[in-house]
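Here's the structure we're looking at; comments come further down.
These figures come from a predicted structure and were not determined experimentally. Within every chain, numbering begins at 1; the chains are lettered A, B, ... in the order of the sequence lines, protein sequences first and strands thereafter.
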Amino acid sequence: MRSNDWKTKFREVLTDWYRRERRDLPWRRTCNPYWIWISEVMLQQTRVDTVIPYYLRFTERYPTMEDLAYAPEQELMKNWEGLGYYSRVRNLQAGVREAYETYGEVPADPERFRKLKGVGPYTAGAVMSIAFGIPAPAVDGNVMRVLSRVLLIEEDIAKPKTRKIFEAAVMDLIDRDDPSSFNQGLMELGATVCTPTRPKCLLCPVREWCGAYHEGREESLPVKSKKKKQETVPQTVIAVKSPDGRWLLEQRPDDGLLAGMWQFPTAETGDPAEAVRQITERHRLDLGPLKEAVRFKHIFTHRIWEVEAFEATSSAVGVPSGRSGWFLPEEINSLTLPNPTKKVRDAVIGG
DNA sequence: AACCCGGGGAG
DNA sequence: CTCCCAGGGTT
């Protein structure tokens with residue numbers, strides 16, 4: 001069980017385990033604070049295997065803060081395309097530019113770094129501890145799961161204020177000689193051993209000090225309330241082709257869901273006839289008969305799109321505006337497209 | 001505090 | 001299907 005100085009042993013065993021067993025990941029081969037910052041933003045709500053190719057491309061394309069700070073928005077979005085949460089990359093660029101212009105580098109100061117755009121409590125703690133060895137808490141979902149089990153913390157981890165409890169716990173436990181290995185050790189443990197379901201307790205280096213393991217409660221922690229389920233929204237897409245082989249695309253509003261990204265004409269209705277009315281009105285078209293192209297569901301965090309896509313030819317080609325235009329297939333690929341639009345594109349044009 | 005914002009993998 | 005994931009911004 002827990003001896004009086006169990007915390008000392010806990011941090012020793014955890015950091016030793018991490019230094020020995022850690023996965024070899026691209027962002028663990030650098031001590032460049034800016035590159036580590038990029039990796040932490042990409043890893044927000046996104047899996048390691050997904051991030052790796054994006055991280056490699058991004059650090060090659062934007063090797064210095066200056067390169068990213070003044071990169072063209074459209075090109076930046078293109079390099080983020082498919083990663084999701086597109087405000088992350090806009091905020092990252094704003095934060096990097098601010099840091100570059102104010103400090104000329106990533107500030108090695110948690111309070112200054114935390115003030116930058118897109119840097120929240122987690123990212124601040126992660127970058128400061130990993131890049132500079134500053135003892136700061138980096139509490140993500142993994143850390144809350146691991147510590148809720150080790151310390152038998154029963155607060156609802158879905159509630160915002162619960163994070164502070166875990167930050168205090170981390171500051172009580174953290175290895176001040178190696179905050180980087182301590183924080184990453186907690187996260188690595190959560191990712192590979194102390195998993196949400198069926199944790200591998202027999203492989204766990206710290207099970208000796210784990211309250212949940214001793215009480216056989218590892219499967220019932222952490223406590224997490226359910227969020228309400230998403231609403232379903234019908235989307236009727238009409239991929240409109242002109243007689244000379246161009247396709248009509250429209251740009252989404254600059255705010256909100258999939259801000260600024262391009263799509264085939266879309267109406268929020270499950271009724272094709274209503275969609276035709278809205279889209280012909282919006283783009284001044286004269287549509288031929290609809291041909292069913294593809295039907296699928298697209299899941300967002302708080303919404304589900306039920307997409308039904310058709311293909312049609314228009315004899316009238318309307319007036320292109322700043323937010324819509326007629327594009328050849330190869331031109332479409334240079335626009336920033338959300339995944340649902342890519343699916344429709346592949347169905348009507350071919351991947 | 002509640003809500004918004006993507007996408008992919010596991011079971 | 002459901003749940004989860006190296007979260008932050010806005011209101």
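- Every residue two or more places apart in sequence or in another chain that forms a side-chain contact (heavy atoms from CB on, under 4.5 Å) with A:Leu56 is listed here: A:Pro26, A:Ile52.
- Within residues 48-61 of chain A, no residue has a heavy atom under 4.0 Å from DNA chain C.
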Salt bridge (charged side-chain N to carboxylate O under 4.0 Å, His left out) between A:Arg163 and A:Glu167: does it pass, once the steps are laid out? CA-CA 6 Å; A:Arg163 195 194 71 246; A:Glu167 287 177 346; 2.8 Å; yes
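- In this structure, A:Glu155 places its CD atom 12 Å from P of B:dA1, rounding to the nearest Å.
- What separates CG of A:Asn142 from P of C:dG7 is a distance of 8 Å, to the nearest Å.
- Distance A:Ile157 CD1 to B:dA1 P: 16 Å, rounded to the nearest Å.
- For the pair A:Arg88 and A:Tyr85, the cation-pi test (distance below 6.0 Å, angle within 45°) is failed.
- As judged by a 4.0 angstrom heavy-atom cut-off over every strand, A:Lys342 is placed among residues making no nucleic acid contact.
- A:Phe327 pairs by the ring pair (Phe, Tyr, Trp, His ring centres under 6.0 Å) definition with A:Trp262, not counting sequence neighbours.
- When each of A:Arg19, A:Arg22, A:Arg28 is checked for a salt bridge (charged side-chain N to carboxylate O under 4.0 Å, His left out) with A:Glu188, only A:Arg28 meets the rule.
- As rounded to the nearest Å, C:dA6 and B:dG11 have P atoms that lie 14 Å from one another.
- The interatomic distance linking A:Gln45 (CD) with C:dC3 (P) rounds to 16 Å, in whole Å.
- Neither OP1 nor OP2 of B:dA2 sits under 4.0 Å from any side-chain N or O of A:Lys159.
- Residue contacts shown for A:Gly190 are absent, as no nucleic acid heavy atom lies under 4.0 Å away.
- Taking atom C1' on both nucleotides, C:dC3 is separated from B:dG6 by 16 Å, rounded to a whole Å.
- Using a 4.0 Å heavy-atom cutoff across all strands shown, A:Leu83 reaches at least one base atom of the nucleic acid.
- Within residues 167-185 of chain A, no residue has any heavy atom closer than 4.0 Å to DNA chain B.
- Not counting sequence neighbours, the partners of A:Asp67 by the side-chain contact (heavy atoms from CB on, under 4.5 Å) test are A:Tyr62, A:Pro63, A:Thr64.
- Listed in residue order, the members of residues 18-27 of chain A having a heavy atom less than 4.0 Å from DNA chain C are A:Arg23, A:Leu25, A:Trp27.
- For A:Pro110, the side-chain contact (heavy atoms from CB on, under 4.5 Å) criterion is met by A:Met128, A:Ile134, not counting sequence neighbours.
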Contacts under 3.5 angstrom, residues 113-122 of chain A side chains, donor-acceptor by atom type, not counting sequence neighbours:
residue: A:Arg114; atom: NH1; partner: A:Val119; partner atom: O; Å: 2.9
residue: A:Tyr122; atom: OH; partner: A:Glu40; partner atom: OE1; Å: 2.6

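- Closest-nucleotide positions on DNA chain B for A:Arg198 and A:Thr46 were compared, and the one nearer the 5' end corresponds to A:Thr46.
- Between the CE atom of A:Met42 and the C1' atom of C:dG7 there is a distance of 15 Å, given to the nearest Å.
- For A:Arg88, the listed nucleotide lying nearest its side chain is B:dG6; candidates were C:dC4, C:dA6, B:dG6.
- Contact check on A:Lys342 versus A:Glu81 returns a salt bridge, with a Lys/Arg side-chain nitrogen under 4.0 Å from an Asp/Glu carboxylate oxygen.
- Within the structure, a side-chain polar atom (N or O) of A:Lys224 is placed less than 4.0 Å from OP1 or OP2 of C:dC5.
- A:Arg90 comes within 4.0 angstrom of nothing in the nucleic acid, heavy atoms only.
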Between the protein and nucleotides 8-11 of chain C, which nitrogen or oxygen pairs come in under 3.5 angstrom?
residue: C:dG8; atom: OP1; partner: A:Gly120; partner atom: N; Å: 3.1
residue: C:dG8; atom: OP1; partner: A:Thr123; partner atom: N; Å: 2.8
residue: C:dG8; atom: OP1; partner: A:Thr123; partner atom: OG1; Å: 2.4
residue: C:dG8; atom: OP2; partner: A:Tyr122; partner atom: N; Å: 3.2
residue: C:dG9; atom: OP1; partner: A:Gly118; partner atom: N; Å: 2.6
residue: C:dT10; atom: OP1; partner: A:Lys117; partner atom: NZ; Å: 3.3

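- Counting non-hydrogen atoms under 4.0 angstrom, A:Lys161 reaches the backbone sugars and phosphates but no base.
- For the OP1/OP2 pair of B:dG6 and a distance below 4.0 Å, the side-chain nitrogens and oxygens of A:His298 include no atom meeting the criterion.
- The interatomic distance linking A:Phe296 (CZ) with B:dG6 (C1') rounds to 14 Å, in whole Å.
- Sorted by first and then second residue, the side-chain hydrogen bond (donor to acceptor under 3.5 Å, both in side chains) pairs involving residues 139-149 of chain A (not counting sequence neighbours) are A:Asn142-A:Arg145.
- Note: CG (A:Leu189) to C1' (C:dA6) measures 14 Å, nearest angstrom.
- Partners of A:Tyr34 according to the ring pair (Phe, Tyr, Trp, His ring centres under 6.0 Å) rule, which considers only residues two or more places apart in sequence or in another chain, do not exist here.
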Salt bridge (charged side-chain N to carboxylate O under 4.0 Å, His left out) assessment of A:Arg217 paired with A:Glu154: CA-CA 11 Å; A:Arg217 295 172 54 197; A:Glu154 313 209 18; 2.9 Å; yes
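- A cation-pi arrangement, defined by a distance under 6.0 Å to the six-membered ring centre and an angle within 45 degrees of its axis, is present between A:Lys343 and A:Phe296.
- Nearest nucleotide to the side chain of A:Met187, out of B:dG11, C:dC5, C:dA6: C:dA6.
- Taking for each of A:Pro160 and A:Pro338 the nucleotide of DNA chain B with the nearest heavy atom, the 5'-most of the two is the partner of A:Pro160.
- The side-chain contact (heavy atoms from CB on, under 4.5 Å) test applied to A:Glu268 returns A:Val233, A:Gln235, not counting sequence neighbours.
- The interatomic distance linking A:Met144 (CE) with C:dC5 (C1') rounds to 11 Å, in whole Å.
- Side-chain polar atoms of A:Gln251 and A:Ser324 form no donor-acceptor pair below 3.5 angstrom.
- Between A:Lys297 and A:Trp305, the closest side-chain pair of non-hydrogen atoms is not below 4.5 Å.
- Checking C:dA6, C:dC1, C:dG7 against every side-chain atom of A:Tyr85, the shortest atom distance belongs to C:dG7.
- Considering only side-chain atoms of A:Pro196, the nucleotide from B:dG7, C:dA6, C:dC4 that sits closest is C:dC4.
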